[in-house]
Structure formats: C-alpha cells, structure tokens
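Reading through the structure tokens given below for one structure.
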Amino acid sequence: MEGARDGQGKDQLSVNRCALQPSGAYLAGKSYRPLQLLPQNRNKLPISLIQCLCSRAQESFAGKMAALSGKVQTVLGLLDPALLGRTMTHEHLTMNFECCYVPPPPEDKAVSEAPIEIQNLHWVQQNPYSSYENLLLFQEISAVREELQQYRQAGGGAIVENTTTGIARKLPELKQLAKDTGVHIIAGAGYYVDVTHSDETRKMTVEKLTDIMVSEVLHGADGTDIRCGVLGEIGTSWPITESEKKVLRATAHAQSQLGCPVIIHPGRHPTAPTEVVRILQEAGGDISKTVMSHLDRTIFDHGELLEFAKLGSYLEYDLFGTEMLNYPFNLRIDMPSDSQRVQMLTFLVKEGYEDRILVAHDIHTKNRLTKYGGHGYSHILKNIVPKMLSRGISQNQVDKILIDNPKHWLTFK
Ligand SMILES: CCC(=O)NCCS(=O)(=O)O
C-alpha cells in the first residue's frame with residue numbers, strides 16, 4: 001500500500017481512503033498530507049466533497065500540530081516540558097548494531113567469539129565492534145530496565161532513544177520500559193546511516209521520505225500508534241552519500257512542517273557537521289532546533305569547533321564512558337577520554353556556549369551496561385557532573401546542560 005502512494009497513485013489513494021473512513025478519521029492512516037488532487041482526477045469527485053475533504057484534512061493536521069506545540073512527545077504521549085528533568089539526549093535502550101561489525105584480527109578470533117566475561121572484558125572494551133554478541137543490545141531489556149530504575153534513583157528524568165530505521169527500533173519495548181520505570185522516553189524517527197538503508201529506502205523520493213517521517217511523529221511508527229518525538233538520529237557517513245542527502249533534505253522538510261527537534265549523526269571528519277548543516281539549511285531546516293551528535297570524536301581543534309558552534313546547532317558530547325586506544329571506525333582518530341571531554345565542555349562554557357551544550361553516553365553495545373562491567377546510564381550523573389563542577393563549570397551551568405537545554409530542544413514549536 002505504501003508503494004502505491006508513490007508517484008501518481010499517492011493522491012488517488014489518499015482520496016479513496018478519506019472517502020471510506022468515518023468522518024474526521026481519515027488522518028489515522030499513514031498519509032498526513034492535506035489532499036492535493038492531481039489535475040486529471042479533479043473532475044472525478046464533486047467539488048463540494050473535495051472542498052470538504054481538504055478542509056477536514058487541514059483542520060485535523062492543524063489540530064495535531066496545535067496539540068504538539070509547546071509540548072514534548074514521549075512514547076507515552078504528550079508531556080509538559082517542565083516535567084522532563086535531567087535528560088540524556090542521546091542513548092539507545094534496545095537496538096542491533098550488526099551493521100557495524102568489525103572483523104577481528106585472526107589472532108583474536110577466539111576471544112571475539114567468546115561470551116562476554118570478566119576475563120575478556122578489557123578486550124571487548126577495546127574492541128567493542130569485533131565481538132558479535134556485544135552488538136546485540138536488544139537482548140538486554142531486563143538489564144536495561146534495572147539500569148533505568150537506577151538512573152531515576154540517581155536523579156535522571158528522561159532519555160532520548162535515538163534508534164531509527166536500520167538499527168532495529170522497538171517502540172513497544174520502549175513504551176513498556178517507560179511504564180515500568182517512570183523514565184520519560186522520547187523515541188526517534190527517520191533513518192540511520194547509508195549501510196542500513198534498504199533498497200526501498202534508497203528508491204524513495206524526498207517527498208516520500210518526508211511523509212514517512214512526519215507520519216512517525218503524528219501517527220506512530222513501525223505499524224504502531226506509538227509516536228516519535230524527535231527526528232533522528234539521522235545517520236550520515238563521510239563523504240555523505242546520495243541516499244543520506246535525500247534523507248537530510250526530507251528531515252529538513254519534515255522539521256519545517258512539524259517544528260520538531262532534530263538530531264544528527266555526522267560522519268567521522270571535522271568538516272562533516274558543517275556539511276550536514278549546509279544541506280539542512282538549504283532545505284529549510286531549523287538549525288537552532290538541531291543537535292549535532294558525537295562532536296567528541298569529530299572536531300578536535302578549538303578554532304574549528306568555534307567556527308562550527310557559530311552555525312547555531314546544539315553541540316552534543318555524547319560518548320561519555322567510551323575510552324579506547326584504537327577507534328576502529330577511523331584509526332586516525334584518537335578517541336578522547338572523559339577528562340578530555342570535560343575539558344571541551346569547560347572550553348565551550350568559557351566561550352559562552354552554555355545554552356547550546358548537551359551530553360549523553362550513547363550506549364549502543366552491551367559492554368557499556370553495568371551488567372557487563374560498564375558505566376551504565378547514570379555515569380554522567382554520578383561521575384561526570386562532580387568532575388564538571390571541579391573544573392569550574394557552575395551548578396547553574398550544569399543544570400542548563402542537563403535540564404534546560406534538553407527541555408528547549410525537545411519542545412515542539
Ligand atoms: C547507533 C550508535 C552510534 O551510531 N553511535 C556512534 C558511534 S561513533 O560513530 O561515535 O563511534
């Protein structure tokens with residue numbers, strides 16, 4: 001049915017669906033768009049019916065938009081932004097990272113295939129993407145539930161779950177986790193990096209991709225009625241591929257319709273974030289409501305960082321807890337330590353960017369969970385905040401980074 005909405009079939013199918021649904025219910029399907037009849041079809045319906053359908057669709061779209069305005073959308077519904085509390089803006093609670101498996105050197109084959117145990121924990125921490133088992137975070141729902149309970153006890157309020165199409169988003173599980181733990185969970189719409197794009201995704205027009213992302217926010221995603229509250233993480237590689245450019249343009253179009261938050265995964269090159277911003281801007285995106293993730297492994301030079309910061313996006317340091325000697329996705333990059341991340345935050349705060357900084361752990365493999373000897377979702381609250389305070393960042397500035405900035409970013413315009 002989705003395929004039938006491509007090209008000329010789209011508008012006719014929308015009209016058919018509208019005509020068949022009870023009054024006011026026709027936006028419950030995946031196509032949100034107020035009707036735009038193709039010229040050749042206009043004489044097939046009475047003009048009064050067309051006017052009625054169009055105005056109802058527009059009213060319903062406007063109604064949904066009005067409901068979102070000034071609110072945060074969690075997997076349990078709309079939320080007053082003041083209730084979010086301390087928020088990690090880039091985490092994963094259930095996902096599958098098989099797409100990014102890195103084969104180990106032959107001499108490490110045995111350890112790479114062993115279960116994750118204390119004897120091989122250091123090897124897994126240093127080679128997280130070469131242990132196949134380590135990539136299957138979706139198997140750890142019970143452990144994640146316990147960790148979220150600890151996160152609440154540590155003063156955490158909300159988590160943005162950045163799993164998008166391509167890395168096995170599981171919205172019913174997110175909804176259950178939110179119910180079980182009381183942590184507000186905001187789910188991500190859209191697409192991860194090119195290697196995970198399906199043939200169907202690659203063939204889609206920007207318009208079609210936009211429709212899907214808008215629908216994931218307004219109606220629900222993956223065949224559920226669970227709605228996403230951000231677009232992203234939208235994946236990009238370096239260089240940015242053609243399919244990723246289409247998704248970026250669609251993201252900007254969807255954002256300009258919805259007034260929603262956007263979060264980007266940039267490629268591993270210092271100019272990648274700027275290139276993404278250029279594409280989004282040209283397509284009408286709102287950079288002030290866009291987060292650039294993973295800056296800790298992307299821009300190291302202070303001058304380059306300030307040039308990028310001037311473009312106006314949120315600046316996210318979201319790999320707290322990740323310390324490894326050889327970063328397998330780009331061996332030329334030295335993954336910073338947590339101390340170096342705090343130094344970068346201190347630098348940005350001194351340069352006046354305290355209103356634009358966000359932080360998180362981006363947990364996406366098993367070894368990051370406390371069950372496997374990792375730091376868990378509470379590491380920033382328990383360990384990094386005291387370090388920030390000890391390095392001259394004030395409590396007021398910490399509260400901006402953990403509470404106010406996420407709140408402003410996540411609130412629909
Ligand atoms: C899906 C998780 C993810 O993309 N994490 C980013 C890892 S890295 O590119 O910063 O190494």
Side-chain angles (χ1 to χ4, degrees), residues 88-102 124-132 134-140 144 159-170 174 186-197 228 230-241 244 247-248 262-273 275-276 291-300 315-338 340-341 344 358-369 374-375 377 379:
M88 298 296 135
T89 48
H90 198 131
E91 303 295 347
H92 300 268
L93 304 175
T94 166
M95 63 164 273
N96 184 339
F97 209 37
E98 279 174 280
C99 62
C100 297
Y101 176 70
V102 177
V124 175
Q125 285 162 351
Q126 290 295 315
N127 304 275
Y129 309 116
S130 299
S131 157
Y132 190 78
N134 197 35
L135 306 177
L136 311 179
L137 185 66
F138 67 88
Q139 294 176 335
E140 299 296 339
V144 167
I159 277 182
V160 183
E161 217 283 354
N162 276 254
T163 305
T164 42
T165 300
I167 45 176
R169 177 176 53 200
K170 290 212 167 76
L174 298 186
I186 296 102
Y191 300 83
Y192 192 55
V193 298
D194 185 287
V195 289
T196 70
H197 291 186
C228 299
V230 303
L231 305 183
E233 63 182 297
I234 301 297
T236 60
S237 316
W238 186 258
I240 305 170
T241 70
E244 289 168 346
V247 171
L248 284 174
V262 164
I263 182 163
I264 302 292
H265 165 111
R268 301 173 185 98
H269 189 277
T271 58
E275 181 63 7
V276 169
V291 174
M292 193 53 65
S293 306
H294 312 324
L295 284 176
D296 17 9
R297 56 87 166 138
T298 312
I299 303 182
F300 293 85
L315 310 166
E316 191 177 75
Y317 286 76
D318 52 26
L319 294 166
F320 275 101
T322 303
E323 302 200 355
M324 64 175 78
L325 196 56
N326 298 305
Y327 175 52
F329 295 145
N330 187 333
L331 292 170
R332 282 169 305 193
I333 289 175
D334 286 330
M335 181 60 80
S337 66
D338 279 354
Q340 288 167 316
R341 290 185 179 100
M344 278 300 207
L358 298 169
V359 292
H361 312 90
D362 187 19
I363 291 182
H364 54 278
T365 50
K366 290 184 184 182
N367 71 297
R368 313 273 303 278
L369 301 175
H375 51 79
Y377 296 96
H379 174 53

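In listed order, ligands and their atoms are each counted from 1.
The shortest heavy-atom contact between Asn134 and Asn367 is OD1-N, 2.8 Å.
No donor-acceptor contact under 3.5 angstrom links the side chains of Tyr317 and His90, judged on distance only. Looking only at atom types and distance, the side chain of Ser337 has no donor-acceptor partner in the side chain of Glu323 under 3.5 Å away.
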Verdict with supporting geometry, Ile240 and Leu248, side-chain contact (heavy atoms from CB on, under 4.5 Å):
CA-CA 10 Å; Ile240 305 170; Leu248 284 174; 4.3 Å; yes
Tell me, with the steps shown, if Tyr192 and His265 meet ring pair (Phe, Tyr, Trp, His ring centres under 6.0 Å).
CA-CA 8 Å; Tyr192 192 55; His265 165 111; 5.3 Å; yes
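With sequence neighbours excluded, the residues satisfying salt bridge (charged side-chain N to carboxylate O under 4.0 Å, His left out) with Glu275 are Arg278.
Protein residues with any heavy atom under 4.0 Å from ligand 1: His92, Met95, Phe97, Ile167, Tyr192, Glu233, His265, Arg268, His294, Arg297, Leu319, Tyr327, Phe329, Asp362, His364.
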